[in-house]
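The block underneath contains the structure these notes are about, expressed in structure tokens.
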Amino acid sequence: MPELPEVETIRKTLIQFIEGKTISDVQIHWPRIIKHPEDTERFKLQLIGQSFQHISRKGKFLIFHLDDYDLVSHLRMEGKYSVHPKEEEKDKHTHILFTFTDGLELRYNDVRKFGTMHLFERGRYLKVKPISQLAPDPFEQEFNLSYFTEKLLKTRRAIKNVLLDQTVIAGLGNIYVDETLFKAKVHPLKASCDLSKEEIKNIKKYAKETLAEAITQGGTTIRSYVASDGEMGMFQQKLYVYGQEDMPCVHCEDTVVKIRLSNRGTHYCPSCQREGA
DNA sequence: ACTAATGTTAGTCT
DNA sequence: TAGACTAACATTAG
């Protein structure tokens with residue numbers, strides 16, 4: 001379930017394999033993944049002959065920069081990229097294949113087919129959906145305290161839901177939100193508008209810190225995530241609450257609990273993260 | 001063999 | 001308009 005640190009790890013591994021490579025063919029076995037252009041034949045024709053210049057990331061989106069186009073890719077739950085010789089047998093969940101002139105192939109694999117791809121003429125992706133409404137991530141300059149405070153204070157939704165909202169803060173998913181709130185000692189159900197200045201500061205600080213630490217560990221592997229070179233992440237060993245239900249809290253003698261918040265598994269320590277505190 | 005749970009986002013409904 | 005809910009899917013644990 002790639003969140004920002006996993007996407008960043010994929011970006012770094014993948015660039016080594018595909019930088020400079022030229023696309024000679026594109027195969028599309030599940031067209032619904034391609035959201036733009038509407039005509040998938042056009043998607044294919046636009047890509048043939050293009051070379052990969054570099055890969056960037058915005059929140060959880062990967063952006064492949066080609067000569068004349070940018071390919072915006074979101075992995076959602078289970079999307080994966082890997083590189084293979086084109087004659088190598090492909091697995092049944094490989095849906096999109098980009099063949100290179102040198103005989104290698106970039107493959108997009110997605111068990112649940114939730115991932116998306118948008119191809120736009122160079123530079124346009126910043127001005128249109130899905131990137132246009134994306135908030136800055138905690139590593140970007142615009143993500144400063146006054147911006148964040150204003151966003152958090154203007155809604156009474158539960159803070160956990162607000163932190164999952166990619167138009168407020170980009171990059172956090174279920175795992176890193178639970179970890180961030182634990183470190184900031186804030187209850188996941190607390191109304192966003194009721195947060196103190198101190199709590200907002202802490203959430204901001206720990207969101208960045210948690211993501212940064214996870215990047216150095218190559219991300220978190222819970223069920224299926226691996227980077228594009230097949231390497232697992234290591235951050236799961238540093239999780240304090242996610243997946244730790246019924247385990248002792250690392251800071252006190254209480255037990256980590258798991259509840260359901262808007263249909264998402266939500267983990268916290270009832271003593272360290274007191275409701276209404 | 002069935003059911004629930006898994007997590008991300010866009011779109012729909014209230 | 002804020003905010004809650006659901007569909008898009010496949011797999012696996014219970």
Side-chain angles (χ1 to χ4, degrees), chain A residues 1-10 28-36 38 40 57-63 72-81 90-96 108-118 120 125 128-135 137 150-181 188-194 207 210-211 214 219-226 233 235-236 239 241-246 257-268:
Chain A
M1 300 134 252
E3 305 178 30
L4 186 151
E6 291 74 35
V7 176
E8 179 61 17
T9 303
I10 290 164
I28 303 165
H29 300 302
W30 193 264
R32 272 198 279 175
I33 289 169
I34 295 154
K35 305 296 182 184
H36 191 273
E38 261 179 59
T40 54
R57 178 190 56 71
K58 243 182 144 6
K60 305 177 195 173
F61 288 87
L62 275 178
I63 299 132
V72 177
S73 171
H74 197 297
L75 305 169
R76 296 286 183 105
M77 303 286 301
E78 306 262 6
K80 285 172 189 56
Y81 282 101
K90 53 185 185 285
D91 107 19
K92 65 169 174 173
H93 300 299
T94 297
H95 308 305
I96 318 268
Y108 179 72
N109 184 288
D110 191 341
V111 185
R112 295 180 68 177
K113 300 172 177 163
F114 284 4
T116 61
M117 291 185 196
H118 294 76
F120 299 112
Y125 73 99
V128 294
K129 286 202 286 188
I131 298 290
S132 56
Q133 78 263 55
L134 193 67
D137 70 42
E150 189 187 316
K151 283 278 192 179
L152 293 193
L153 293 184
K154 81 174 183 198
T155 177
R156 48 200 160 76
R157 296 155 72 199
I159 182 59
K160 163 144 185 181
N161 288 335
V162 178
L163 294 179
L164 286 169
D165 184 341
Q166 304 294 302
T167 69
V168 172
I169 172 174
L172 297 173
N174 207 33
I175 299 172
Y176 297 114
V177 166
D178 284 1
E179 293 300 308
T180 297
L181 289 175
L189 277 168
K190 182 155 185 169
S192 188
C193 57
D194 292 341
T210 306
L211 293 174
T220 303
T221 296
I222 294 293
R223 21 187 305 169
S224 64
Y225 163 77
V226 286
F235 193 72
Q236 62 279 8
L239 297 174
V241 286
Y242 185 91
Q244 307 302 303
E245 58 269 29
D246 305 324
V257 299
K258 179 177 180 180
I259 59 164
R260 218 135 242 292
L261 201 172
S262 308
N263 266 325
R264 316 296 301 276
T266 297
H267 313 72
Y268 68 99

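Side chains are part of it too, since the values below use all heavy atoms of this structure and drop only hydrogens, waters and symmetry mates. Residue numbering restarts at 1 for every chain, and letters A, B, ... go by the order of the sequence lines.
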Could you write out each protein N or O paired with an N or O of nucleotides 11-14 of chain C at a distance under 3.5 Å?
residue: C:dT11; atom: OP1; partner: A:H93; partner atom: NE2; Å: 2.7

[X] [atom1] - [N] [atom2] separation (whole Å):
X	N	atom1	atom2	answer
A:I33	C:dA8	CD1	C1'	11 Å
A:E78	B:dA5	CD	C1'	13 Å
A:K258	B:dA4	NZ	P	15 Å
A:E245	B:dA5	CD	P	13 Å
A:D165	B:dT9	CG	P	10 Å
A:R32	C:dA7	CZ	C1'	11 Å
A:R264	B:dA4	CZ	P	19 Å
A:K113	C:dA8	NZ	P	13 Å

Is it the case that the ring center of A:H118 lies less than 6.0 angstrom away from the ring center of A:Y125? no

Would you please indicate yes or no on a ring centroid separation below 6.0 angstrom for A:H95 and A:Y108? no

Under 4.0 Å between a side-chain N or O of [X] and OP1 or OP2 of [N]?
X	N	answer
A:Q166	B:dT9	yes
A:K35	B:dA10	no
A:H74	B:dT8	no

So does [Y] get a backbone contact from the side chain of [X], meaning a donor-acceptor N/O pair under 3.5 Å?
X	Y	answer
A:Q236	A:G233	yes
A:N174	A:G265	yes
A:E38	A:H36	no
A:E3	A:I175	yes
A:T94	A:K90	no

Check A:E8 with A:R57, please: is the shortest side-chain N to carboxylate O separation under 4.0 Å? yes

Note: A:D178-A:K160 ion pair, threshold 4.0 Å (strictly below): yes

Going by side chain to side chain contact (heavy atoms under 4.5 Å, CB included), A:L134 matches just one of A:K60, A:K129, A:Q166. Which one? A:Q166

Please say which of A:V177, A:T210, A:D137 ends up in a side chain to side chain contact (heavy atoms under 4.5 Å, CB included) with A:L172. A:V177

When the [atom1] atoms of [M] and [N] are compared, how many Å lie between them, rounded to an integer?
N	M	atom1	answer
B:dC2	C:dA8	C1'	22 Å
C:dT11	B:dA10	P	25 Å
C:dA7	B:dA4	P	15 Å
C:dC9	B:dT12	P	16 Å

What string of B, S and - do you get for nucleotides 1-6 of chain C, 5' to 3', if B is base contact, S is sugar-phosphate-only contact and - is no contact with any protein heavy atom under 4.0 Å? --S---

Can you confirm whether A:Q133 is buried at CD, in the sense that more than 12 heavy atoms of other residues, nucleotides or ligands lie under 6.0 Å from that atom? yes

Classify A:P2 by what it touches in the nucleic acid, base, sugar-phosphate, or nothing, heavy-atom distance under 4.0 Å. nothing

Of the candidate nucleotides C:dC9, B:dA10, B:dT8, which contains the atom at the shortest distance from the side chain of A:E3? B:dT8

Of all residues at least two apart in sequence or in a different chain, which pass the salt bridge (charged side-chain N to carboxylate O under 4.0 Å, His left out) check with A:R157? A:D165

Suppose we screen for salt bridge (charged side-chain N to carboxylate O under 4.0 Å, His left out). Which residues come up paired with A:K151, at least two apart in sequence or across chains? none

Name the pairs: protein N/O against N/O of nucleotides 11-14 of chain B, kept only if under 3.5 Å.
residue: B:dG11; atom: OP2; partner: A:K129; partner atom: NZ; Å: 3.3

Please map the stems of DNA chain C, keeping only stretches of three or more Watson-Crick or G-U wobble pairs with both distances under 3.5 angstrom. B:2-6 with C:10-14, B:8-14 with C:2-8

Report the C-alpha distance between A:I259 and A:Y268 in whole Å, list the side-chain angles of each, state the deciding distance to 0.1 Å, and finish with yes or no for side-chain contact (heavy atoms from CB on, under 4.5 Å). CA-CA 8 Å; A:I259 59 164; A:Y268 68 99; 3.8 Å; yes

Position toward the 5' end of DNA chain B (nearest nucleotide), A:R112 or A:Q133: A:R112

